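What follows is a short report on a single structure.
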Amino acid sequence: MKILNLKINQFGKLQNKEIDLKEHINIIYGKNESGKSTLLKFILGMFYGLSKNKNGKQYTDYEQYTPWVEGDFSGKIKYQLDEGKSFEVFREFKKKSPKIYNENLEEISKQFSVNATTGNRFFVDQTGVEEELFTKTIVSMQNEIKLEEKEQSSLLQKLSNLVSTGEDSVSYQKIVNKINKRQLEEIGTRKKPR
């Protein structure tokens with residue numbers, strides 16, 4: 001799945017923003033309090049809605065991201081699933097369920113399951129990915145990334161492989177071993193040249 005475009009009418013401190021995302025990895029950066037976490041919460045809110053339950057917090061997500069100024073608490077997201085189908089979702093956060101459109105801009109909102117608490121579950125129906133899994137794997141907020149040294153090494157290796165080969169599973173060490181083996185076969189060693 002890839003997110004193609006975000007259109008934020010108003011969400012928290014963000015207003016009238018449109019962002020086109022590129023292929024592969026997108027890095028959102030900026031100064032503290034510039035809206036990076038708010039942007040990620042917007043994406044989650046578009047796919048899963050905003051909770052009106054405090055869950056032990058001082059404010060609900062809905063309360064936290066309601067715009068301070070009068071306006072349209074809404075946005076749109078365009079995305080493409082792995083099989084190539086594209087969708088556009090428009091959500092007014094004051095309402096429980098969004099409007100989902102297919103690539104022909106036909107509304108298909110009623111094709112998906114609806115939960116009494118969370119509303120339309122279109123994204124879960126399409127991808128099988130619940131919000132908690134999405135949050136832990138697709139987006140990474142700075143304060144949530146705490147990896148042990150072994151996990152850091154593994155992640156760095158995968159990122160390095162991805163950048164250099166386009167594949168995260170290609171092992172740098174396997175490539176070095178193949179080069180060394182081929183070198184031995186074709187050139188030999190100092191003691192035993194070919």
Side-chain angles (χ1 to χ4, degrees), residues 1-21 25-82 86-101 107-148 151-152 155:
M1 191 269 313
K2 41 187 174 180
I3 298 171
L4 306 171
N5 175 274
L6 304 169
K7 170 75 172 86
I8 303 167
N9 295 323
Q10 280 198 23
F11 187 86
K13 72 183 304 174
L14 302 175
Q15 47 185 317
N16 300 320
K17 298 248 183 249
E18 186 159 2
I19 301 167
D20 291 319
L21 296 171
I25 296 173
N26 287 272
I27 298 174
I28 308 296
Y29 64 94
K31 294 181 179 179
N32 286 343
E33 299 301 317
S34 62
K36 301 177 300 289
S37 297
T38 302
L39 178 62
L40 290 174
K41 196 63 173 179
F42 171 78
I43 294 170
L44 287 168
M46 289 303 295
F47 288 141
Y48 299 101
L50 287 179
S51 174
K52 292 185 179 180
N53 187 332
K54 288 188 177 183
N55 292 327
K57 299 183 286 189
Q58 186 174 0
Y59 300 103
T60 68
D61 287 343
Y62 181 84
E63 293 168 331
Q64 184 175 352
Y65 295 103
T66 298
W68 291 5
V69 294
E70 196 63 35
D72 193 12
F73 186 20
S74 66
K76 188 180 344 178
I77 189 167
K78 292 181 187 175
Y79 61 99
Q80 184 178 52
L81 296 178
D82 292 342
S86 295
F87 298 90
E88 188 172 299
V89 176
F90 175 76
R91 186 183 287 270
E92 289 184 71
F93 289 99
K94 292 178 181 177
K95 297 180 180 176
K96 191 177 281 187
S97 289
K99 293 186 178 185
I100 301 108
Y101 300 91
E107 186 175 352
I108 57 169
S109 306
K110 293 184 178 177
Q111 294 179 7
F112 302 101
S113 62
V114 176
N115 179 290
T117 306
T118 59
N120 192 310
R121 291 177 47 88
F122 70 95
F123 193 67
V124 176
D125 288 352
Q126 291 175 329
T127 64
V129 177
E130 296 284 349
E131 184 175 3
E132 184 178 358
L133 179 62
F134 185 90
T135 304
K136 290 184 177 188
T137 59
I138 307 298
V139 296
S140 300
M141 298 203 192
Q142 182 178 350
N143 62 343
E144 294 174 351
I145 302 175
K146 294 178 183 134
L147 300 174
E148 298 296 325
E151 293 168 321
Q152 288 176 16
L155 180 59

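Note that the coordinates shown come from a computational prediction; the quantities given were computed from them, not determined experimentally.
Taking NZ from Lys57 and CD from Gln64, the interatomic distance works out to 6.5 Å, rounded to the nearest 0.5 Å. Interatomic distance, Met1 CE to Thr127 OG1, rounded to the nearest 0.5 Å: 7.0 Å. Rounding to the nearest 0.5 Å places CD1 of Ile8 at 5.0 Å from CD1 of Ile19. Here CG of Leu133 is found 11.0 Å from CD of Glu131. Values are rounded to the nearest 0.5 Å. Atom CD1 of Ile28 and atom CG of Leu40 lie 7.0 Å apart (nearest 0.5 Å). Note that NZ of Lys99 is 12.5 Å distant from CD of Glu88, once rounded to the nearest 0.5 Å.
In terms of heavy atoms, Gly12 sits closest to Thr38 at CA-CG2, 4.4 Å. Closest approach of Val124 to Val129, counting heavy atoms only: CG2-O, 3.5 Å. The heavy-atom pair separating Met46 from Phe93 by the smallest distance is SD-CZ, 3.6 Å. Minimum heavy-atom separation, Pro98 to Phe122: CG-CE2, 3.7 Å.
Side-chain atoms of Arg91 come within 3.5 Å of backbone N or O of Gly45 as a donor-acceptor pair. Judged by distance alone, the side chain of Ser109 and the main-chain N or O of Ile100 form a donor-acceptor pair under 3.5 Å. With hydrogens and angles ignored, the 3.5 Å screen pairs a side-chain donor or acceptor of Asp125 with a backbone N or O of Ser113. Side-chain atoms of Ser74 do not come within 3.5 Å of backbone N or O of Asn9 as any donor-acceptor pair.
Side-chain contact between Leu6 and Leu39 is present, with at least one heavy-atom pair separated by less than 4.5 Å. Two residues are said to be in side-chain contact when any heavy atoms from C-beta on lie closer than 4.5 Å; Lys2 and Leu21 fail this criterion. When side chains are defined from C-beta on, Asp72 does not count as touching Gln10, because their heavy atoms never get closer than 4.5 Å.
Looking at Asn53 and Ser51, their side chains never bring a donor and an acceptor atom within 3.5 Å of each other.
Using cut-offs of 30° and 60° for the angle between ring planes, the Phe47 and Phe123 rings count as parallel.
With Phe73 as reference, Tyr62 is the one residue of Tyr62, Tyr65, Phe42, Trp68 to meet the ring-ring contact (aromatic ring centres under 6.0 Å, His included) rule.
The salt bridge (Lys or Arg N to Asp or Glu O under 4.0 Å) contacts involving residues 11-21 comprise nothing, where partners must be two or more places apart or lie in separate chains.
Counting non-hydrogen atoms of neighbouring residues, nucleotides and ligands closer than 6.0 angstrom, the NZ atom of Lys76 reaches no more than 12 such neighbours.
Every residue was checked against the salt bridge (Lys or Arg N to Asp or Glu O under 4.0 Å) condition with Lys94, not counting sequence neighbours, and none meets it.
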